[in-house]
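As structure tokens, the structure follows; a few thoughts come after it.
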Amino acid sequence: MRRTRAFLPTMKEDPSEAEVISHRLMLRAGMIRKVAAGIYNLLPLGLKVLRRVETIIREEMNRAGAQEVLMPLVIPAEMWKESGRWDLYGKELLRFKDRHDREFCLGPTHEEVITDMVRREVRSYRQLPLNLYQIQIKFRDEIRPRFGLMRGREFIMKDAYSFHATERDAEREYENMYNTYTRIFERCGLRFTAVEAETGAIGGRFSHEFMVLAETGEDVIVSCGTCGYSANLERAECRPPEGGAGEKEKAMEKVHTPGVKSVEEVSRFLGVSPERLIKTMIYETDKGPVVALVRGDLEINEAKLKRLLHCEWIALADEEKVRGVTGAPPGFAGPVGLEVRIVADHSVSTIVNGVTGANEEDYHYINVNPGRDFAVDTWGDIRFALEGDPCPRCDGRLSLSRGIEVGHIFKLGTKYSEAMRATFLDEKGVERPMVMGCYGIGVGRTVAAAIEQNHDEKGIIWPLPLAPYHVYILPVNVKDASMREVSERIYRGLTDSGVEVLYDDRDERAGVKFNDADLIGIPWRVTVGSRVKEGKVEIKARDRNEAEIVDIEEAVGRLVQRVRGGT
RNA sequence: CGGGGCGUGGCUCAGCCUGGUAGAGCACCUGCUUUGGGAGCAGGGGGUCGGAGGUUCGAAUCCUCUCGCCCCGACCA
């Protein structure tokens, strides 16, 4: 492609709308343009990269035995009513009516449609298993779209759904998809890790998120360098503390603590370390108020708390509710003497002579001991893991890092097949619901994540498999006949060899072109400059500083070799 | 949805407080010079100041409403 003909509007300045690096660079490199909040045009360069990811996904999904289908974007409400999600899904589901006043929605995910499709055709275990996927536009009316393609409302997703006669076969396919996803992200040239994820009601270990590692990621990954355990922060297990302080229990005492509320304030005021405090949080749930306790230096993980309590929803109580439960304003709550269900994190169990609020404004108790001074109804793991925590699986230590969730695999079980009566007859002629799995990859998000992971201060540095073009030809001065002639020759040579080339034939100053080349991030650059007089051109990799000077006649061959060899 | 902020040529922004001629840099067009890391000079085109209403002799500027966008929180690929 000649740069003079390309629809490739690059920008020198940072657009004010973009916050994160991938969003900024995609706008500046002319890959995307915004149409509305969370809705984007993909320009040629952006689409090319997206297609690279799609191609890798297709090849690996097909290789894994999945078959591609294409389901509609517009879905009739009946299907969502049948699965029960029409009422559950909330405002993210964009609903509308057609001219006949029939209700529809834009598909944010396709479990209903695929389940309907399969149940109409599959009668026998002989027709199973099936793994069907599509690469389609999804629409989720996100509360707050942001970060460009990273979190749009309209986005392209690969979603696959599998159907099985047995749990065991569904688990086999889960492994198959785990391996397939690993291959996909490896082929994309990304550094990533698979982590255990929240499984919600289904439970078990059958949900993994694939995280591209990046400092700027929104998700926190907890991992153990010794045994390889890794999980997302919501999920990561915390091992209960062992032993105790061995300190002698003292008599509980009420102390005056005027205006001293936060953990930090209390520990400073009383001169005790935060690990001695029993942080007391009041929650409201669909099953009534609950008091949650955690050691003062730790934080409560609401997802774990919710799971432990088996409740539908959970929220921190407001000031009024806190007064109702404790009789004191927030900041002075403690478990002593409360008549509400008390849930405590394991970390509280080893506290001896601790400190808590006295449920009375401006007073705390000191020398509080669990068991002696208050009773805990339920002990459990309800805190967030911290850097340096002991690993739940081995003797190692946990460390925290950041990532971007680009893929998620999930064993669904029979949730949808039961709700929508997708059944088959097994070998014995017994009618049974199909066991399902679902497997998603955010295609646009993968592109964004690739940029988050591969860039420098000058621009994008594409991994070769995702690069929109392989080689950038940069004649320093197109008015110089020999430079132009050599550039044209290399352009033809590379193109004839099947290498994709962006040829910057613009009559621009060299600096403009160098900066554009770095911004766009094509892996290989050929600079055709004053050395043509000596029969030489320069070849430089985007991710390296030094250029290699080669004979003009050798340039094409070298580049073809590099692009093919991936070195 | 709650909290904060912003809408002025294609882009980045000034002007608004204290009402009176719509500005700068970049980009674009023409010419000359220049040509290895975002050139120089000269000339030129382009904005109903997000929209509607109001106050005023007069509104980008003050008031009211409205729309859009961005950032912080709960959701997710």
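Only this structure's heavy atoms are used, side chains among them; waters, hydrogens and symmetry mates stay out. Labels below follow one simple rule: chain letters A, B, ... track the order of the sequence lines, proteins then strands, and each chain is numbered from 1.
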Measuring only the [atom1] atom in each nucleotide, how far is [N] from [M]? A whole number of Å is fine.
{"N": "A52(B)", "M": "G68(B)", "atom1": "P", "answer": "16 Å"}
{"N": "G54(B)", "M": "U61(B)", "atom1": "C1'", "answer": "15 Å"}
{"N": "C29(B)", "M": "U56(B)", "atom1": "P", "answer": "48 Å"}
{"N": "G36(B)", "M": "G44(B)", "atom1": "P", "answer": "31 Å"}
{"N": "C71(B)", "M": "A27(B)", "atom1": "P", "answer": "28 Å"}
{"N": "C17(B)", "M": "C57(B)", "atom1": "C1'", "answer": "23 Å"}
{"N": "U8(B)", "M": "G3(B)", "atom1": "C1'", "answer": "27 Å"}
{"N": "G50(B)", "M": "G7(B)", "atom1": "P", "answer": "8 Å"}

Of the nucleotides [options], which has the atom closest to the [X] side chain?
{"X": "Lys458(A)", "options": "A27(B), G37(B), A77(B)", "result": "G37(B)"}
{"X": "Arg509(A)", "options": "U35(B), G36(B), A77(B)", "result": "U35(B)"}
{"X": "Glu19(A)", "options": "C71(B), A74(B), G36(B)", "result": "C71(B)"}
{"X": "Glu17(A)", "options": "G73(B), C70(B), G38(B)", "result": "C70(B)"}
{"X": "Arg445(A)", "options": "G36(B), A77(B), G38(B)", "result": "A77(B)"}
{"X": "Arg144(A)", "options": "G73(B), C69(B), C11(B)", "result": "G73(B)"}
{"X": "Phe514(A)", "options": "A27(B), G73(B), G36(B)", "result": "G36(B)"}
{"X": "Ser16(A)", "options": "U12(B), G38(B), G36(B)", "result": "U12(B)"}
{"X": "Glu92(A)", "options": "G38(B), C75(B), C1(B)", "result": "C75(B)"}
{"X": "Lys34(A)", "options": "C76(B), C70(B), G38(B)", "result": "C70(B)"}

*Flag this pair as yes if the NZ/CZ of Arg95(A) is under 6.0 angstrom from the six-membered ring centre of Trp86(A) and inside a 45 degree cone about the axis; otherwise no.*
yes
Roughly, in whole Å, what's the span from [atom1] in [X] to [atom2] in [N]?
{"X": "Glu457(A)", "N": "G38(B)", "atom1": "CD", "atom2": "P", "value": "15 Å"}
{"X": "Asn515(A)", "N": "C26(B)", "atom1": "CG", "atom2": "P", "value": "16 Å"}
{"X": "Asp14(A)", "N": "G38(B)", "atom1": "CG", "atom2": "C1'", "value": "14 Å"}
{"X": "Leu412(A)", "N": "A77(B)", "atom1": "CG", "atom2": "P", "value": "11 Å"}
{"X": "Arg3(A)", "N": "G38(B)", "atom1": "CZ", "atom2": "C1'", "value": "13 Å"}
{"X": "Tyr89(A)", "N": "C76(B)", "atom1": "OH", "atom2": "P", "value": "8 Å"}
{"X": "Met11(A)", "N": "G38(B)", "atom1": "CE", "atom2": "C1'", "value": "15 Å"}
{"X": "Ile156(A)", "N": "A77(B)", "atom1": "CD1", "atom2": "C1'", "value": "12 Å"}

Does [X] reach the main-chain N or O of [Y] with its side chain, forming a donor-acceptor pair under 3.5 Å?
{"X": "Lys304(A)", "Y": "Ala236(A)", "value": "yes"}
{"X": "Arg402(A)", "Y": "Leu213(A)", "value": "no"}
{"X": "Tyr181(A)", "Y": "Gly440(A)", "value": "yes"}

Classify the side chain of [X] versus the base of [N] as yes if they form a donor-acceptor pair under 3.5 Å and no if they do not.
{"X": "Arg146(A)", "N": "C69(B)", "result": "no"}
{"X": "Asn477(A)", "N": "G36(B)", "result": "no"}
{"X": "Arg506(A)", "N": "G38(B)", "result": "no"}
{"X": "Glu508(A)", "N": "G37(B)", "result": "no"}
{"X": "Glu13(A)", "N": "G38(B)", "result": "no"}

Is [X] touching bases, backbone alone, or none of the nucleic acid, heavy atoms closer than 4.0 Å?
{"X": "Ser530(A)", "result": "base"}
{"X": "Thr446(A)", "result": "nothing"}
{"X": "Asp516(A)", "result": "base"}
{"X": "Pro15(A)", "result": "sugar-phosphate"}
{"X": "Glu302(A)", "result": "nothing"}
{"X": "Gly529(A)", "result": "base"}
{"X": "Arg484(A)", "result": "nothing"}
{"X": "Asp518(A)", "result": "base"}
{"X": "Arg33(A)", "result": "nothing"}
{"X": "Val406(A)", "result": "sugar-phosphate"}
{"X": "Gly444(A)", "result": "nothing"}

*Under a 3.5 Å limit for both distances, which nucleotide forms a Watson-Crick or G-U wobble pair with C28(B), could you say?*
G44(B)
*Between Glu218(A) and Ala18(A), which is nearer to the 5' end of RNA chain B once each is assigned its nearest nucleotide?*
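Looking at the nearest nucleotide for each, Ala18(A) comes out on the 5' side.
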*Report yes if the ring of Phe155(A) lies under 5.5 Å from the six-membered base ring of A77(B) with planes under 30°, and no otherwise.*
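A stacking contact exists, since Phe155(A) sits close and nearly parallel to the base ring of A77(B).
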*Can you tell which of Tyr174(A), Phe410(A), Tyr439(A) makes a ring pair (Phe, Tyr, Trp, His ring centres under 6.0 Å) with Phe206(A)?*
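Looking at Tyr174(A), Phe410(A), Tyr439(A), the match for Phe206(A) under the ring pair (Phe, Tyr, Trp, His ring centres under 6.0 Å) is Tyr174(A).
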*Could you walk me through whether Glu173(A) and Asn131(A) pass the side-chain hydrogen bond (donor to acceptor under 3.5 Å, both in side chains) test, one step at a time?*
CA-CA 9 Å; Glu173(A) 185 66 6; Asn131(A) 186 336; 2.6 Å; yes
*Dump the intermediate steps for salt bridge (charged side-chain N to carboxylate O under 4.0 Å, His left out) on Arg531(A) and Glu538(A), then the final yes or no.*
CA-CA 8 Å; Arg531(A) 286 185 218 267; Glu538(A) 291 159 41; 3.2 Å; yes
*Which distance, rounded to the nearest 0.5 Å, do you find between the CD1 of Ile461(A) and the CD1 of Ile522(A)?*
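One finds 12.5 Å between CD1 of Ile461(A) and CD1 of Ile522(A).
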*Given side chains that start at C-beta, do those of Tyr472(A) and Pro523(A) come closer than 4.5 Å, heavy atoms only?*
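Contact flag for Tyr472(A)/Pro523(A) side chains = no.
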*Mind checking whether Leu494(A) and Leu559(A) have side chains closer than 4.5 Å, heavy atoms only?*
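Yes, close enough: below the 4.5 Å cut-off.
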*Determine whether the aromatic ring centres of Tyr161(A) and His110(A) lie less than 6.0 Å apart.*
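Ring-ring flag for Tyr161(A)/His110(A): false, centres at least 6.0 Å apart.
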*For residues 35-45 of chain A, which residues have at least one heavy atom under 4.0 Å from RNA chain B?*
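Nucleic-acid contacts, sorted: Ala36(A), Ala37(A).
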*In terms of ring plane angle, is the pair Phe192(A) and Phe185(A) parallel, tilted or perpendicular, where the classes change at 30° and 60°?*
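Because their plane-to-plane angle lies in the 30° to 60° range, the rings of Phe192(A) and Phe185(A) count as tilted.
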